[in-house]
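Please read all numbers here as calculations on a predicted model, not as lab measurements. Throughout, a chain's letter reflects where its sequence line sits, starting with A, and its residues are numbered from 1.
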Amino acid sequence: MRKTGLNQIYELAKKYSNVNFIGSDLGPGTLDEFRNTLPNQFFMEGISEAHIVSMASGLSSEGFKVYINTISPFFTRRAFEQIALDIYSENEDVVIYGNGGGLVYGPLGPSHTSVDDFALFHALGNMIILAPADANEMEQFIQQSYHIKKPIYIRLGKGGDKIVTSDKDIQVGKAIKFNKSENAKKIICTTGIMLQRALEISDSLNDCDVLHFSTVQPLDEESLIENCSKYEEIIVLEEHLQDGGLGTRIIQSLFKNSIQPRKFRHYNLGKNYIHTCGRQEEIFDYLKISPKYIIDEIKSLK
Amino acid sequence: MTFLKEKSLQIREEILNIFELGTRGHVPSAYSLVEILITLYYEKSKITPENFKLQDKILLSKGHGCLALYAILSDLGFFSKDEYSKFCKVDGILGGHPSKHKIPGVEFSSGSLGHGFSVAIGKAIALKRKSSNKNVYVILGDGECNEGSVWEAALSANKNKLDNLTVIIDYNKFQSYGPTEEVCPLEPFQSKWESFGLECEEVNMVTNPEKLLDILNTKQISTRAIICHTIKGQGNRILETDISWHHKSKVSPEEVQILRDALI
């Protein structure tokens with residue numbers, strides 16, 4: 001997913017000379033071809049995320065489109081003020097391409113895991129938040145991002161994520177429905193790479209559909225309302241802390257629209273930063289939010 | 001009397017007019033900026049409402065000095081002096097920090113310190129990409145140079161070889177809590193900038209303010225830093241000596257008259 005997105009940014013840069021890429025001391029060899037063929041559009045700055053965000057704002061204010069890239073929390077947490085004031089408040093044409101969404105960097109601990117990004121950017125109500133599930137969705141999003149001249153944050157998955165969206169119409173701002181059963185009573189609302197887990201859960205249960213919000217903000221409320229009013233049970237599954245993420249936003253929308261499901265469950269990463277190190281899947285197991293635990297729990301609670 | 005001297009006195013009077021009508025503002029921080037901004041707006045870049053978009057870019061990163069910017073922009077015809085009485089009021093365009101969305105002539109929305117230098121780098125790169133021969137000037141406060149992001153930007157300016165970018169530091173020797181040399185010493189300041197790869201000049205803006213224009217008119221080969229030695233409250237006998245004026249709200253017309261009488 002990461003490489004697909006970067007390659008798409010390079011394709012955009014070839015096509016549109018106003019596209020720039022700024023990285024913050026990324027891995028050696030990142031986008032070498034881009035750097036060699038379009039050196040005026042490629043910047044690899046030092047470990048200085050706050051500076052890079054404001055520099056991108058300066059470029060955008062003069063009519064350029066800028067993609068900035070490093071590990072997600074070094075933008076979302078460290079450079080939040082620069083994002084809020086120089087990008088968001090100024091409505092600059094900058095895409096924040098955040099590596100290591102959720103627990104991708106689980107082995108590296110709380111400094112590197114991005115588990116509060118939705119909450120931080122939900123506070124900035126018009127920031128577009130994208131969390132694609134696979135490389136296919138990422139490719140579509142990057143292509144569309146060029147034409148959306150507003151601040152966008154993209155949360156990346158690890159890479160190698162199973163492709164599950166290839167037969168879907170992918171549009172920024174639109175939720176994607178996966179119908180699994182004609183008589184489904186449950187629906188899982190999810191985002192990012194939890195989609196693959198949600199589909200696995202839905203396959204095991206006979207009565208469960210899935211609604212994928214790869215655009216976390218603005219939330220596709222129309223789809224949420226239309227779909228969720230039909231189900232008895234709404235389950236939210238997200239790779240994010242309990243508060244301020246997709247679940248919080250969905251509860252807000254349901255309440256506002258007077259939709260009361262008979263049951264509501266919210267699977268998330270809990271209230272605190274996760275000091276336990278481990279691979280993404282191992283931490284899902286540790287927190288008992290991997291499909292096998294959720295399937296067992298839902299079946300046992302019938 | 002030179003143009004700079006005459007215009008400086010006029011702008012300092014205008015700043016007091018905004019202060020009186022708006023009843024608040026950071027006057028001493030604005031006063032130390034006056035000669036710097038006049039040199040840039042009137043003499044070096046010759047900014048007008050008509051040429052604003054195509055001229056040099058001037059970014060006031062120390063946004064709390066905005067009263068000097070407002071007085072100059074209204075003098076240049078960007079907006080009416082009727083705005084003075086609406087300073088910091090909901091029906092006005094002039095806020096306690098400048099917003100480019102509201103105020104014609106403002107290049108950069110500032111308020112939080114340590115942002116302007118990096119934004120200026122983005123603009124300087126953009127101008128080069130557009131093959132423009134215009135320059136970017138960003139004005140920082142001395143206290144602002146405590147911010148780490150200023151030095152991130154200095155590293156980047158050197159790396160990107162931006163000879164169309166000049167950083168001007170209003171070195172008025174005071175920050176909020178007290179003297180800069182006590183709160184967070186900057187010296188040796190010139191060698192700091194030089195060690196980051198910038199060419200650096202110093203100007204005494206009290207005794208020889210005309211030198212600033214001379215420096216700006218010389219060709220630069222790298223990003224340039226100009227340390228402008230100023231006085232907080234410069235050009236006013238009371239403001240130069242009495243620190244209690246640094247933060248002032250609810251000022252009375254009588255108090256403003258006392259300041260008018262103390263203009264140098």
Side-chain angles (χ1 to χ4, degrees), chain A residues 13 16-25 35 38-68 70 74-75 77-96 124 126 150-151, chain B residues 53-59 61 63 95 97-102 106-132 134 136-138 140 144 147-162 164-165 196-197 223:
Chain A
Y16 304 106
S17 64
N18 74 328
V19 168
N20 292 274
F21 175 85
I22 311 175
S24 172
D25 193 34
R35 178 189 180 171
L38 301 169
N40 292 335
Q41 292 164 255
F42 180 92
F43 299 86
M44 188 60 70
E45 296 289 302
I47 306 165
S48 49
E49 298 82 4
H51 160 65
I52 285 164
V53 171
S54 300
M55 174 179 163
S57 166
L59 273 159
S60 163
S61 71
E62 296 297 325
F64 290 88
K65 172 109 196 171
V66 193
Y67 291 81
I68 58 176
T70 192
F74 305 154
F75 281 137
R77 290 199 285 253
R78 187 188 193 94
F80 184 79
E81 186 187 86
Q82 279 76 10
I83 292 171
L85 295 178
D86 298 338
I87 306 292
Y88 178 71
S89 175
E90 300 298 307
N91 199 30
E92 297 295 356
D93 193 2
V94 176
V95 178
I96 301 160
L124 310 179
N126 285 319
K150 290 177 182 171
Chain B
K53 284 205 158 56
L54 300 170
Q55 250 311 347
D56 295 336
K57 311 285 171 195
I58 302 172
L59 289 74
S61 191
H97 292 102
S99 164
K100 74 175 182 191
H101 295 286
K102 291 197 129 184
V106 169
E107 188 69 55
F108 164 63
S109 303
S110 51
S112 182
L113 298 171
H115 292 226
F117 191 178
S118 295
V119 173
I121 287 173
K123 284 179 180 280
I125 292 168
L127 290 187
K128 280 187 175 286
R129 290 277 301 284
K130 293 191 232 180
S131 303
S132 164
K134 298 301 177 191
V136 180
Y137 302 102
V138 57
L140 274 53
E144 180 172 10
E147 294 281 6
S149 54
V150 167
W151 302 99
E152 291 182 8
L155 291 169
S156 170
N158 176 51
K159 175 204 165 149
N160 287 293
K161 300 181 172 44
L162 298 171
N164 58 346
L165 172 61
F196 274 75
T223 301

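- Here the side chains of A/F64 and B/I125 are not in contact, with every heavy-atom distance at 4.5 Å or above.
- The nearest pair of heavy atoms linking B/R129 to A/S17 is NH2-O, 2.8 Å.
- Within 6.0 Å of CG in A/N126 there are 12 or fewer heavy atoms belonging to other residues, nucleotides or ligands.
- Residues that satisfy the ring pair (Phe, Tyr, Trp, His ring centres under 6.0 Å) test with A/Y88, not counting sequence neighbours, are absent from this structure.
- Within the model, atoms OG of B/S149 and CZ of A/R78 stand 10.5 Å from one another, a figure rounded to the nearest 0.5 Å.
- For a residue to count as touching a neighbouring chain, one of its non-hydrogen atoms must lie under 4.5 Å from one of that chain's; by this rule A/S60 does not touch chain B.
- Contacts between B/F108 and chain A at a heavy-atom distance below 4.5 Å involve the side chain alone, from C-beta outward.
- Side-chain contact between B/L155 and A/H51 is absent, with no heavy atoms from C-beta onward closer than 4.5 Å.
- The shortest side-chain heavy-atom distance between A/S57 and B/H115 does not fall under the 4.5 Å cut-off.
- Only the side chain of A/N20 comes within less than 4.5 Å of a heavy atom in chain B; its backbone stays farther off.
- Between chain B and the residues A/I22, A/L85, A/I47, the most heavy-atom pairs under 4.5 angstrom are made by A/L85.
- Here B/H101 is the residue among B/H101, B/K53, B/E107, B/K128 with the most heavy-atom pairs under 4.5 Å with chain A.
- Contacts of B/K100 with chain A are made by side-chain atoms alone, with heavy-atom separations under 4.5 Å and no backbone atom involved.
- Interface residue A/E49: only backbone heavy atoms are found under 4.5 Å from chain B.
- Applying the salt bridge (Lys or Arg N to Asp or Glu O under 4.0 Å) test to every pair with at least one member in residues 54-68 of chain A, sequence neighbours left out, gives these pairs: A/E62-B/K57, A/E62-B/K123, A/E62-B/K130, A/K65-A/D93.
- The two residues A/E45 and B/S156 come nearest to each other via the heavy atoms OE1-OG, 2.7 Å.
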